[in-house]
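Okay, handing you the structure first.
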Amino acid sequence: MEKIKMITPLVEMDGDEMTRVLWQIIKDELILPFIDLKSEYYDLGLEYRNETNDQVTVDSANATKKYGVAVKCATITPNAARMTEYDLKEMWKSPNGTIRAMLDGTVFRTPIQVKGIEPCVKNWKKPITIARHAYGDVYKSVELKVPGAGKAELVFTGADGKEERVTIHEFTGAGIIQGQHNVDESIESFARSCFNYALDLKQDLWFATKDTISKKYDHTFKDIFQEIFDAEYKEKFEQAGITYFYTLIDDAVARVMKSEGGFIWACKNYDGDVMSDMISSACGSLAMMTSVLVSPAGIYEYEAAHGTVQRHYYKHLKGEETSTNSVATIFAWSGALRKRGELDQLPELMTFADRLEKACIDTIESGKMTKDLALITTLENPTVLNSEEFIKAIRSTLEAYYA
């Protein structure tokens, strides 16, 4: 077949470890044979981030603002062990955190459900999408180890020099302090992104915090959501036949376990981080979940919701065979290509993205899958494929659609 043409480049952000290996195989087997790919490439591998003092991450985010669509590989957020392993100049921040803050986006994560991989929660008939606020809270916190007795205070000094003080705690011994923040502008963007996404999917939207305990911090989230909904979205939701409601986070957890799914659950940053892993794991695998960062300005960054699969990478380096699930990374590519096709009015590109996703699902449902899925499938006698074999099996399925 003649390769599908693109008009506008998408931003391509390469990553680390096993997902970086899969990234190249996916391009070679599933993208380049079918598409005359236009991409602006950025290497977000930890070595190059260290070499550029993490400027490459900032550059990739600015390029995403320019072109409107990006696809990102999983990347390492360094800890003390990584500092030694990669001989880092400093403990660089999470690339995802930097990009999310620069794009002012909300992360939407949805499980990829296939026949034969049944959710642990038996009544979940439809996927549940987690909408995760992508700014502030613990991810932008400052911390202090308290050496001994003393008074800890929270102090705000206004632009006019006026001070406000509250006592955090009167320490009688050693302890710890953490200071978190958020800004109204980001919460407003979070709310609008959630409401717009719910309208796009025509799905109900839940929002949950702990405002009964956090009477100012969490309550501000609740109030901003309600004010924007009442002023801008109430009639639109009624016309679409969908609902928005707020509840406490513990109530939402109880409700979600008894629901049938098919809705969007908006969470603060940390809550969304935890709950998206719960939802994906309960639906089979962390590698079976889509993830897209959406900004109110209409900018989209698609990625896998999981990490760099470090354990498999070390096996790969030793020449040992791995069976690493690449579905979430493939769906990051398909999501970005579909959005690029939608924005540039290229139906052939959108159709390819649909077929690529269908090829993944059909391949798994035919019994060909990676080890993580074979261990939990209800299909009889599945064929366990290694990392490269699985991607090539998807290519064979995809080629059959175009035959």
| query | What pairs with K151 under salt bridge (charged side-chain N to carboxylate O under 4.0 Å, His left out), at least two apart in sequence or on another chain? | reply | E153

| message | Please determine whether a side-chain nitrogen of the Lys or Arg among K392 and E388 lies less than 4.0 Å from a carboxylate oxygen of the Asp or Glu. | response | yes

| query | Can you tell me if T75 uses its side chain to pair, donor with acceptor, with the backbone of G15 under 3.5 Å? | reply | no

| So is R20 actually on top of Y48's ring, under 6.0 Å and inside 45° of the axis? |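 Verdict for Y48: no cation-pi partner in R20.
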
| message | Taking ring-ring contact (aromatic ring centres under 6.0 Å, His included) as the cut-off, I'd like each qualifying pair that reaches into residues 231-257, sequence neighbours left out, listed once. | response | F195-Y233, F195-F237, F195-Y244, W206-F245, F207-Y246, F229-F237, F229-Y244

| message | So does T212 get a backbone contact from the side chain of D218, meaning a donor-acceptor N/O pair under 3.5 Å? | response | no

| Whether over 12 other heavy atoms sit under 6.0 Å from K115 NZ | no

| query | Are any of the side-chain nitrogens in R255 or D251 under 4.0 Å away from the carboxylate oxygens of its partner? | reply | yes

| task | Could you give me the CA-CA distance, side-chain angles and deciding distance for E342 and R338, then say whether salt bridge (charged side-chain N to carboxylate O under 4.0 Å, His left out) is met? | result | CA-CA 6 Å; E342 178 188 323; R338 183 186 296 107; over 6 Å; no

| Would you say D43's side chain and D14's backbone share a donor-acceptor pair under 3.5 angstrom? | no

| message | Under the rule for ring pair (Phe, Tyr, Trp, His ring centres under 6.0 Å), what residues qualify as partners of F171, not counting sequence neighbours? | response |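 Only H169 meet the ring pair (Phe, Tyr, Trp, His ring centres under 6.0 Å) criterion with F171.
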
| message | I'd like to know if the side chain of T377 reaches the main chain of A374, judged simply by a donor and an acceptor atom lying under 3.5 Å from each other, with no hydrogens or angles considered. | response |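 Not a single qualifying donor-acceptor pair exists.
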
| field | From L88 atom CG to R82 atom CZ, the distance as rounded to the nearest 0.5 Å | value |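 Output value for this atom pair is 9.5 Å.
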
| said: Return the CD1 to CD1 distance between I394 and I330, rounded to the nearest 0.5 Å. | reply: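 Answer rounded to 0.5 Å: 3.5 Å.
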
| Counting distance only, does the side-chain N/O of N182 pair as donor-acceptor with the main-chain N or O of I187 below 3.5 Å? | no

| Take atom NZ in K368; do more than 12 heavy atoms of anything else shown fall under 6.0 Å from it? |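 Counting other residues, nucleotides and ligands, NZ of K368 stays at 12 neighbours or fewer.
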
| request: For the pair D16 (side chain) and T308 (backbone), establish whether a donor and an acceptor sit closer than 3.5 Å, ignoring hydrogens and angles. | output: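 Looks like no, no N/O pair under 3.5 Å.
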
| field | Exceeds 12 heavy-atom contacts within 6.0 angstrom, atom CD of E163 | value |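 More than 12 within 6.0 Å, yes.
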
| query | How many angstroms lie between CE in M6 and CG in L346, if you round to the nearest 0.5 Å? | reply | 8.0 Å

| field | K27 backbone acceptor or donor facing E29 side chain under 3.5 Å | value | no

| task | Check the surroundings of atom NZ in K210: do more than 12 heavy atoms from other residues, nucleotides or ligands lie under 6.0 Å from it? | result |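 Yes, the 6.0 Å shell around NZ holds more than 12 heavy atoms from other groups.
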
| Got a sec: does the NZ of K89 have more than 12 other heavy atoms crowding it under 6.0 Å? |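 Yes, because the 6.0 Å sphere around NZ of K89 holds more than 12 heavy atoms from other groups.
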
| message | Looking at E380, I want to see if its CD is surrounded by more than 12 non-hydrogen atoms of other residues, nucleotides or ligands under 6.0 Å. | response | no

| Does Q55 use its side chain to pair, donor to acceptor, with the backbone of T52 at less than 3.5 Å? |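 It does not hold such a pair.
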
| said: Is it true that, when you exclude Q178 itself, more than 12 heavy atoms of the residues, nucleotides or ligands shown sit nearer than 6.0 Å to its CD? | reply: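 Check passes, neighbour count above 12.
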
| query | Short question: side chain of T243, backbone of D204 - any donor-acceptor pair under 3.5 Å? | reply | no

| task | Apply the side chain to side chain donor-acceptor pair (under 3.5 Å) test between Y135 and each candidate in E185, K268, H181; give the one that qualifies. | result | H181

